[in-house]
Q: 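Below you will find the structure I want to go over with you.
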Number of protein chains: 2
Amino acid sequence: MQKQQYLTKNQQIVLDLVEKSSEPLKAYTILFNVQKKGIKAPLQVYRALDKLVEIGKIHKIESRNAFIACHNSSCQVAKATAFSICEICEKVTEISSAGLSKYLANFKDKDGMKYSKYNLEFFGLCKKCR
Amino acid sequence: MQKQQYLTKNQQIVLDLVEKSSEPLKAYTILFNVQKKGIKAPLQVYRALDKLVEIGKIHKIESRNAFIACHNSSCQVAKATAFSICEICEKVTEISSAGLSKYLANFKDKDGMKYSKYNLEFFGLCKKCR
DNA sequence: TTTCTAATGTTATATTATTACATAATGTTA
DNA sequence: TAACATTATGTAATAATATAACATTAGAAA
Ligand SMILES: [Zn+2]
Ligand SMILES: [Zn+2]
Ligand SMILES: [Zn+2]
Ligand SMILES: [Zn+2]
């Protein structure tokens with residue numbers, strides 16, 4: 001069972017936009033595109049984004065300061081994310097590899113410490129750009 | 001053989017500061033702390049940081065917009081980085097695990113694609129904060 | 001109802017990073 | 001050496017990203 005089943009109006013507006021997009025969106029691009037829906041200020045966007053990230057509906061691509069919808073149904077929470085990023089066309093794809101998830105979830109550092117969360121960003125050239 | 005053996009004055013000033021620091025430093029914190037050495041503008045700091053990242057002397061912690069000196073002697077280039085980050089005290093440690101490096105360097109996505117570069121950030125609680 | 005919590009609206013501001021352009025230093029080749 | 005290319009620097013202005021503060025509202029819970 002999830003913490004929050006229904007999204008609020010602002011959260012839904014932002015999520016709809018991010019889900020429709022084929023590429024990661026930046027906060028101010030989102031703002032610009034939802035102004036016709038009544039969202040007026042950056043903070044309204046950032047608050048919606050924060051919540052959507054928290055519940056795993058979207059992810060932040062840290063190296064790009066941009067947000068992408070989660071297309072991995074198992075990814076209910078933003079605690080284990082991996083992406084591939086094309087350095088030419090900036091195409092971003094969420095990686096869902098059971099092997100990778102398992103490896104990273106079980107990874108222990110020198111002190112034998114395990115981590116509750118990770119974010120991995122791979123960089124390279126996509127098929128088109130090679 | 002490396003591309004650039006000697007650092008320029010600004011690069012050396014910034015590197016000295018970042019290396020002395022026990023925690024990741026933000027660009028404007030660096031600026032504040034090097035003003036007595038003659039560096040006056042953000043751009044001077046960002047240019048030095050860009051170069052130092054490029055040659056692998058420092059790394060950017062993307063989720064924190066902060067910079068840390070590389071303590072991994074094998075890490076001459078910023079192409080394969082992994083960090084652990086404590087979510088309470090914000091302590092950041094560079095992970096150097098041969099197993100992890102090897103696994104990620106050889107990781108192939110669904111399409112059999114390998115990547116030339118990656119950055120991994122683990123989150124959790126450090127020893128002190130548990 | 002009362003109380004508590006989460007979300008919203010709004011303004012202002014803080015923080016992070018880049019553009020643009022002029023100049024200087026350094027390296028390379030003829 | 002001169003000529004040229006490349007890299008780094010200095011400086012001002014501005015763009016892009018993100019948060020603080022505070023008042024208000026909506027919903028859930030008791
Ligand atoms: Zn996901
Ligand atoms: Zn591409
Ligand atoms: Zn390193
Ligand atoms: Zn800690």
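Protein chains get the first letters and strands the later ones, always in sequence-line order, with residue 1 at the start of each.
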Q: Rounding to an integer number of Å, can you tell me how far A:Ile39 CD1 sits from C:dT8 P?
A: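 In whole Å, C:dT8 P lies 8 Å from A:Ile39 CD1.
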Q: Report yes if some heavy atom in the side chain of B:Ser63 is under 4.5 Å from a heavy atom in the side chain of A:Asn119; otherwise report no.
A: no
Q: For A:Lys37 and C:dT8, what is the distance between atoms NZ and P respectively, to the nearest whole Å?
A: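 Going from NZ in A:Lys37 over to P in C:dT8 covers 16 Å.
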Q: Determine, for B:Arg64 against B:Glu121, whether the closest basic-nitrogen to carboxylate-oxygen distance falls under 4.0 angstrom.
A: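 Answer for the salt bridge query: no.
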Q: To the nearest Å, give me how far apart CG (B:Leu49) and P (C:dT18) are.
A: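 Answer to the nearest Å: 11 Å.
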Q: What is the distance, to the nearest angstrom, from the CZ atom on B:Phe32 to the P atom on C:dT15?
A: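 The distance from CZ of B:Phe32 to P of C:dT15 comes to 13 Å, rounded to the nearest Å.
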Q: Roughly, in whole Å, what's the span from NZ in B:Lys9 to P in D:dA8?
A: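 Whole-Å distance recorded here is 15 Å.
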Q: Just to be sure I understand the geometry, which residues of residues 12-24 of chain B put a non-hydrogen atom under 4.0 Å away from DNA chain C?
A: none
Q: Begin from the C-alpha positions of A:Lys110 and B:Ser96 and carry the test side chain to side chain contact (heavy atoms under 4.5 Å, CB included) through to its verdict.
A: CA-CA 9 Å; A:Lys110 274 176 188 155; B:Ser96 71; 3.8 Å; yes
Q: Is the ring pair A:Phe122/B:Phe107 parallel, tilted or perpendicular, if the boundaries are 30 and 60 degrees?
A: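 Ring orientation of A:Phe122 relative to B:Phe107: parallel.
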Q: Testing the basics here: between B:Leu25 and B:Val18, what is the closest heavy-atom pair and its distance to 0.1 Å?
A: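 Smallest heavy-atom distance, with atoms named: CD1-CA, 4.0 Å.
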Q: I need the CD1-P distance between B:Ile55 and D:dT7, as an integer number of Å.
A: 14 Å
Q: Whole Å only: how far is the CD atom of B:Gln11 from the C1' atom of C:dT26?
A: 13 Å
Q: Nearest whole Å is fine: how far is C:dT16 C1' from B:Leu25 CG?
A: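 About 15 Å, once rounded to whole Å.
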Q: Let me confirm one number: the CG-NZ distance from A:Leu49 to A:Lys60, rounded to the nearest 0.5 Å.
A: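 Separation between the atoms: 9.0 Å.
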Q: Over 60° means perpendicular and under 30° means parallel, so tell me whether A:Tyr103 and B:Tyr103 are parallel, tilted or perpendicular.
A: parallel
Q: According to a hydrophobic-cluster definition based on side-chain heavy atoms being under 4.5 Å apart (Ile, Leu, Val, Met, Phe, Trp, Tyr only), do B:Tyr46 and B:Leu7 belong together?
A: yes
Q: Looking only at heavy atoms, which two atoms of B:His71 and B:Glu94 are closest? And how far apart?
A: N-OE1, 3.3 Å
Q: My understanding is that a pair needs two contacts under 3.5 Å, Watson-Crick or G-U wobble. By that rule, which nucleotide pairs with C:dT11?
A: D:dA20
Q: What does the B/S/- profile of nucleotides 11-23 of chain D look like, 5' to 3', with a 4.0 Å heavy-atom cutoff to protein?
A: BB----BBBBB--
Q: Taking only N and O in the side chain of A:Thr8, is any of them less than 4.0 Å away from OP1 or OP2 of C:dT8?
A: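 Indeed, a polar side-chain atom of A:Thr8 lies that close.
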